[in-house]
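Please read the structure below before turning to the comments.
Indexing begins at 1, ligand by ligand and atom by atom, following the structure's order. Both backbone and side-chain heavy atoms feed into the values below; hydrogens, waters and symmetry mates do not.
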Amino acid sequence: MSDLKTAALEYHASPRPGKLSVELTKPTATARDLALAYSPGVAEPVREIARDADLAYKYTGKGNLVAVISDGTAILGLGNLGPLASKPVMEGKGVLFKRFAGVDVFDIEVDAESPQAFIDTVKRISITFGGINLEDIKAPECFEIERALIEQCDIPVFHDDQHGTAIVTAAGMLNALEIAGKTLEEARIVCLGAGAAATACMKLLISMGAKVENIFMIDRKGVIHSGRDDLNQYKAVFAHETSRRTLADAMDGADAFVGLSGPNLLSAENLMRMAENPVVFACSNPDPEIDPKLAHETRPDVIMATGRSDYPNQVNNVLGFPFIFRGALDVRATRINEEMKIAAVYALRDLAKMPVSNAVCDAYGIDCLEFGREYIIPKPMDPRLITLVSDAVAKAAIETGVATLPYPKHYPLTSVDDVFNG
Ligand SMILES: NC(=O)C1=CN([C@@H]2O[C@H](COP(=O)(O)OP(=O)(O)OC[C@H]3O[C@@H](n4cnc5c(N)ncnc54)[C@H](OP(=O)(O)O)[C@@H]3O)[C@@H](O)[C@H]2O)C=CC1
Ligand SMILES: CC(=O)C(=O)O
Ligand SMILES: [Mg+2]
């Protein structure tokens with residue numbers, strides 16, 4: 001077994017199985033405490049909530065509790081391995097929510113025989129939560145699932161692989177193109193993958209200025225173009241007239257490559273076809289579309305990112321979902337809208353240009369981090385993420401009328417410790 005494999009299995013198994021547990025937030029030392037926490041005292045908040053459902057936010061953990069829910073149909077880039085196998089990833093998302101944004105998580109793996117069964121299950125349990133983070137659900141089913149749940153629930157429902165990924169990719173892409181001396185409006189972009197993450201990433205880039213005719217999206221059958229008659233409605237949006245048919249065709253002269261597909265699908269030969277200062281986001285997890293070492297050897301001018309923690313430029317939704325939900329929960333937003341997503345993009349983009357503290361550099365064993373080819377996007381350990389991204393999201397929710405609470409008195413947050421000092 002490789003060192004990482006052994007260490008990863010040991011990490012998950014010991015000293016106790018898994019990565020998350022439930023903690024108590026109130027005293028339980030005395031009979032009096034128990035009389036308040038449970039019978040008879042618990043009857044009082046029950047009566048209050050029955051009278052006014054909003055009081056669940058006052059008397060229970062609902063307002064800080066997010067469900068991370070999967071059916072296991074697209075676990076990272078590992079494919080459809082079923083709901084139970086997705087549990088380590090869902091627990092992992094819970095770890096990140098809590099560590100970076102103080103958000104409590106129940107991970108829920110649903111063994112559903114159909115998208116409708118999944119929707120029904122999630123809808124029925126949704127009242128328990130302040131928000132729902134859908135995770136690792138494959139396309140195209142994920143689109144209808146998310147749409148139906150947004151419509152049926154009055155709390156934020158957010159498919160992280162779509163929107164979290166899109167927000168972080170857009171922030172990184174704006175910075176990478178700036179370093180390459182190019183613009184989103186003019187960039188020719190190849191997107192390998194046409195599923196949940198790829199569709200949302202390209203849609204967001206288009207809404208921020210990229211031209212659909214400059215985007216070549218590729219699925220297992222090749223380039224998505226207007227001559228194809230096998231496209232579902234989600235892929236058809238990206239079809240345009242072109243004679244390019246293969247990944248190699250699409251890569252000729254491309255300014256940016258975004259990989260949201262699977263491991264080792266981008267060859268050195270195809271990388272060679274790109275324009276100067278090529279931007280390569282090989283975001284498939286755990287194994288990228290091209291090994292960064294090979295990419296750098298092939299193209300010394302490459303601006304390279306992956307989805308992983310162990311290379312520079314981690315373009316991964318970990319930079320999004322904890323802070324986006326933090327902001328949305330704190331103003332009790334009823335949804336996460338486009339304005340909130342774009343506010344998060346700009347907050348991430350701008351943070352990468354600010355000086356980085358020694359503490360963050362130390363956490364990564366790096367002497368110095370400065371905006372440039374090896375640092376286009378903030379590090380997840382940067383404590384300013386909760387300050388800037390959550391604040392931007394909360395403000396955008398208020399400005400667009402989806403917040404049901406005013407701007408919090410304890411904002412902007414300086415750390416996770418501030419979350420309950422409001
Ligand atoms: N870094 C990050 O933050 C994130 C990374 N990802 C990564 O993106 C990838 C896709 O995830 P997701 O969108 O949720 O999954 P989906 O199942 O929704 O989509 C997968 C897509 O990849 C395409 N694909 C798979 N193999 C190939 C191939 N050999 N050639 C061309 N296209 C291929 C599929 O094509 P077809 O439509 O023809 O089946 C499909 O469009 C995963 O590797 C995942 O780890 C996802 C979210 C976040
Ligand atoms: C990062 C992530 O959500 C994924 O690879 O699916
Ligand atoms: Mg995912």
Item to check | Side-chain donor-acceptor pair present, Tyr57, Asn64, cut-off under 3.5 Å | outcome: no
Next on the checklist: Do Asp418 and Thr414 pair up side chain to side chain, a donor and an acceptor below 3.5 Å, judged on atom types alone?
Outcome noted: yes
Checklist entry - Does ligand 1 have an atom that lies less than 4.0 angstrom from a heavy atom of Lys235? => result yes
Item to check | Shortest protein heavy-atom distance from atom 39 (O) of ligand 1, along with the residue and atom involved | outcome: Arg220 NE, 2.9 Å
Checklist outcome for this item: shortest atom 48 (C) of ligand 1-to-protein heavy-atom contact is with Thr165 OG1, 3.0 Å
Please work out whether any backbone atom (N, CA, C, O) or any side-chain heavy atom from C-beta onward of [X] is under 4.0 Å from ligand 1, and answer side chain, backbone, both or neither.
X	value
Thr73	neither
Ala74	side chain
Leu260	both
Asp160	neither

Next on the checklist: So Phe281 and Pro288, do their side chains get closer than 4.5 Å, heavy atoms only?
Outcome noted: no
Checklist entry - Does the side chain of Ile132 come within less than 4.5 Å of Ser126's, by heavy atoms? => result yes
Item to check | Contacts of type ring pair (Phe, Tyr, Trp, His ring centres under 6.0 Å), residue Phe257, not counting sequence neighbours | outcome: none
Checklist entry - Who are the ring pair (Phe, Tyr, Trp, His ring centres under 6.0 Å) partners of Phe325, not counting sequence neighbours? => result Phe97, Phe158
Checklist entry - Closer than 2.8 Å to the Mg ion (ligand 3), which protein N, O or S atoms? => result Glu135 OE2, Asp136 OD1, Asp161 OD1
Enumerate, one pair per line, all nitrogen or oxygen atoms of ligand 2 lying under 3.5 Å from a protein nitrogen or oxygen, stating the separation to 0.1 Å; write 'none' if no such pair exists.
{"residue": "ligand 2", "atom": "3 (O)", "partner": "Lys93", "partner atom": "NZ", "Å": "3.0"}
{"residue": "ligand 2", "atom": "3 (O)", "partner": "Glu135", "partner atom": "OE2", "Å": "3.0"}
{"residue": "ligand 2", "atom": "3 (O)", "partner": "Asp161", "partner atom": "OD1", "Å": "3.0"}
{"residue": "ligand 2", "atom": "3 (O)", "partner": "Asn317", "partner atom": "ND2", "Å": "3.0"}
{"residue": "ligand 2", "atom": "5 (O)", "partner": "Asn285", "partner atom": "ND2", "Å": "2.9"}
{"residue": "ligand 2", "atom": "6 (O)", "partner": "Asp136", "partner atom": "OD1", "Å": "3.1"}
{"residue": "ligand 2", "atom": "6 (O)", "partner": "Asp161", "partner atom": "OD1", "Å": "2.9"}

Checklist entry - Hey, does Lys138 come in under 3.5 Å of ligand 1, counting only N/O atoms on both sides? => result no
